[in-house]
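Okay, so here's the structure we're looking at.
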Amino acid sequence: MAHIPELLRDGPSCSFEFGPPRDDKGEATLSTTIDELRKRNPTYVSVTYGAGGSTRDRTHDLVVQINNEMGLTTMAHLTCAAHTRHDLELLIERYRIAGIENLLALGGDPPVGYDGPPGELQYANELVALIRSVGNFSVGVAAHPEPHPRSESIQADRDHTAEKLDGADFAITQFFFEARHYFDLIDGLASRGVTKPVIAGIMPATSIAAITRMAQLQGSEFPTWLADKLYAVEDQGPAAVRAVGVSEATKLCEELRDAGVPGFQFFTLNLATATREICDNLGI
Ligand code: FAD
């Protein structure tokens with residue numbers, strides 16, 4: 001297995017994000033999705049971590065299974081919120097022993113309804129430092145093109161992102177629907193002297209309700225022009241909506257690829273179809 005930054009040197013990367021399934025049905029769906037998408041020869045895949053550690057063991061086991069049994073370079077997500085430093089050290093050490101070399105260090109959010117202690121580490125940059133102290137991992141961080149909803153201002157968020165990326169190896173963005181947001185982030189980081197790779201997070205808008213909800217949560221704009229295109233075909237059914245979402249995500253990827261983006265991370269939501277169609281369109 002390899003450190004992701006080394007793999008990025010071979011040209012635009014293509015990676016797929018999965019989440020640990022909740023039940024047997026979800027497990028079967030994910031298994032089919034992985035079987036289908038691994039044919040695309042992804043640069044790496046990554047596995048999300050439930051808020052507050054709600055998927056701690058399931059994330060760990062899935063990461064180890066994909067990395068060690070399926071032979072795909074796999075990155076584990078890890079969050080600070082609602083964890084003690086000791087919790088995190090143990091988990092990072094478990095990954096080290098299992099031979100996992102890539103971690104995504106996130107601030108995270110407290111689970112819904114949680115009223116316990118906020119967590120000993122407050123921000124993702126502290127988790128980057130903790131991971132470095134445990135082992136020789138490649139460490140990614142999140143970047144927020146639009147910016148993060150808890151930020152005082154876009155400038156403050158760019159400052160914090162530059163600071164944490166300075167200590168990390170690469171970043172992956174939150175999803176966005178207009179390339180200008182990505183370019184603004186890259187310019188903001190470059191003006192702060194940070195030029196490490198920033199992989200574009202891509203979420204095809206395949207469901208109006210789901211995108212509306214997720215965009216509100218993450219602080220991403222769901223542009224009116226895109227919503228209008230999706231609403232225009234809504235009465236033709238979900239396949240027609242998905243086709244528009246796939247077509248717009250393809251155009252976004254092409255614009256980013258022409259501008260030299262180091263890679264794409266597709267947020268698959270454990271489903272293969274839209275991601276596979278975008279890969280087809282891009283010739284991946
Ligand atoms: P941080 O970098 O800690 O930033 C959070 C906020 O604090 C920002 O507003 C930032 O500007 C501010 N800030 C940062 N440092 C400082 C400082 N030193 N002083 C003052 N303010 C500061 N969530 C999950 O729960 N599980 C996942 O698996 C997951 N995967 C993700 C994958 C990607 C690619 C992305 C983009 C996000 C993911 N998230 C995940 C969501 C993420 O946890 C949330 O967006 C979270 O609210 C912020 O995480 P962060 O790592 O950006 O936090």
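When a ligand or atom number is given, it counts from 1 through the structure's own listing order.
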### Query
Among side-chain atoms of T84 and D87, is any donor-acceptor pair under 3.5 angstrom?
yes
### Query
Has the side chain of R38 got a donor or acceptor atom that lies under 3.5 Å from a matching backbone atom of M70?
yes
## Note on the structure
From the list T74, V63, L37, L269, side chain to side chain contact (heavy atoms under 4.5 Å, CB included) partner of F18 resolves to L37
### Query
Atoms of ligand 1 less than 4.0 Å from D109 heavy atoms?
44 (C), 46 (C), 47 (O)
### Summary
Looking only at protein heavy atoms, what sits closest to atom 21 (N) of ligand 1 is H160 NE2, 3.2 Å
### Which of the ligand 1 atoms, numbered from 1, are nearer than 4.0 Å to a heavy atom of K164
1 (P), 2 (O), 50 (P), 51 (O), 52 (O)
### Message
Checking a contact table here: which protein heavy atom is nearest atom 29 (C) of ligand 1, and how many Å away?
### Response
L106 CD1, 3.3 Å
### Task
Identify the protein heavy atom lying closest to atom 10 (C) of ligand 1, giving its residue, its atom name and the separation to 0.1 Å.
D157 OD1, 3.3 Å
### Message
Please check: side-chain N/O of T32 versus main-chain N/O of A28, any donor-acceptor pairing under 3.5 Å?
### Response
yes
## Note on the structure
atom 35 (C) of ligand 1: closest protein heavy atom, distance to 0.1 Å, is A142 CB, 3.8 Å
### Query
Can you check whether H3 and F170 have ring centres sitting under 6.0 Å from each other?
no
### Message
Between ligand 1 and T79, is the shortest N or O to N or O distance under 3.5 Å?
### Response
no
### Query
Among E163, H144, Q174, M75, whose heavy atom sits nearest atom 52 (O) of ligand 1?
H144
### Query
Is it true that the side chains of Q155 and R192 contain a donor and an acceptor less than 3.5 Å apart?
yes
### For ligand 1, the portion of T173 having any non-hydrogen atom under 4.0 Å away
backbone
### Task
Working to the nearest 0.5 Å, report the span between CZ of R150 and OH of Y123.
8.5 Å
#### Entry: Test of proximity, Q122 against ligand 1: N or O pairs below 3.5 Å
no
### Identity of the nearest option to atom 3 (O) of ligand 1, non-hydrogen atoms only, from G52, A124, S153
A124
### Query
Nearest to atom 18 (N) of ligand 1, what protein heavy atom do you find, and at what distance?
Y123 CD1, 3.6 Å
### Task
List every atom of ligand 1 that sits less than 4.0 Å from any heavy atom of I172, numbering the atoms from 1 in the order shown and giving each element.
34 (C), 36 (C)
#### Entry: Option passing side chain to side chain contact (heavy atoms under 4.5 Å, CB included) with H144 (candidates H181, Q174, R158)
Q174
### Message
Among S46, G50, G107, A143, which one puts a heavy atom closest to atom 49 (O) of ligand 1?
### Response
G107
### Numbered atoms of ligand 1 (with element) below 4.0 Å of Y49, judged on heavy atoms
24 (C), 25 (O), 26 (N), 27 (C), 28 (O)
### Query
Hey, does E17 come in under 3.5 Å of ligand 1, counting only N/O atoms on both sides?
no
### Query
Would one find an N or O of H77, backbone or side chain, under 3.5 Å from an N or O of ligand 1?
yes
### Query
For the side chain of T59 and the backbone of T55, is there at least one donor-acceptor N/O pair under 3.5 Å apart?
yes
### Task
Pull out every atom of ligand 1 sitting under 4.0 Å from any heavy atom of S151, numbered as shown with elements.
8 (C), 9 (O), 11 (O)
### Heavy-atom nearest neighbour in the protein, as seen from atom 48 (C) of ligand 1, with distance rounded to 0.1 Å
H148 NE2, 3.3 Å
### Query
Looking only at N/O atoms, are T48 and ligand 1 under 3.5 Å apart anywhere?
no
### Task
Compute the shortest N/O to N/O distance between N125 and ligand 1 and return yes if it is under 3.5 Å, no if not.
no
### Query
Below 4.0 angstrom, N of the basic side chain to O of the carboxylate: do K196 and D169 qualify?
no
### Message
Would you say E101 and Y95 are linked by a side-chain donor-acceptor pair, where the criterion is simply a distance under 3.5 Å?
### Response
no
### Message
Is it the case that ligand 1 has an N or O less than 3.5 angstrom from some N or O of G108?
### Response
yes
### Query
Is at least one protein non-hydrogen atom found at under 4.0 angstrom from atom 41 (C) of ligand 1?
no
### Message
When you measure from the heavy atoms of L104 to every atom of ligand 1, does any distance fall below 4.0 Å?
### Response
yes
### Task
With sequence neighbours left out, write down each residue that passes side-chain contact (heavy atoms from CB on, under 4.5 Å) with Y114, or none if nothing qualifies.
A82, P110, P111, P117
### Any donor-acceptor N or O pair under 3.5 Å, side chains S15, Y44
yes
### Task
Please determine, by modelled atom types, if N270 and T33 share a side-chain donor-acceptor pair under 3.5 angstrom.
no
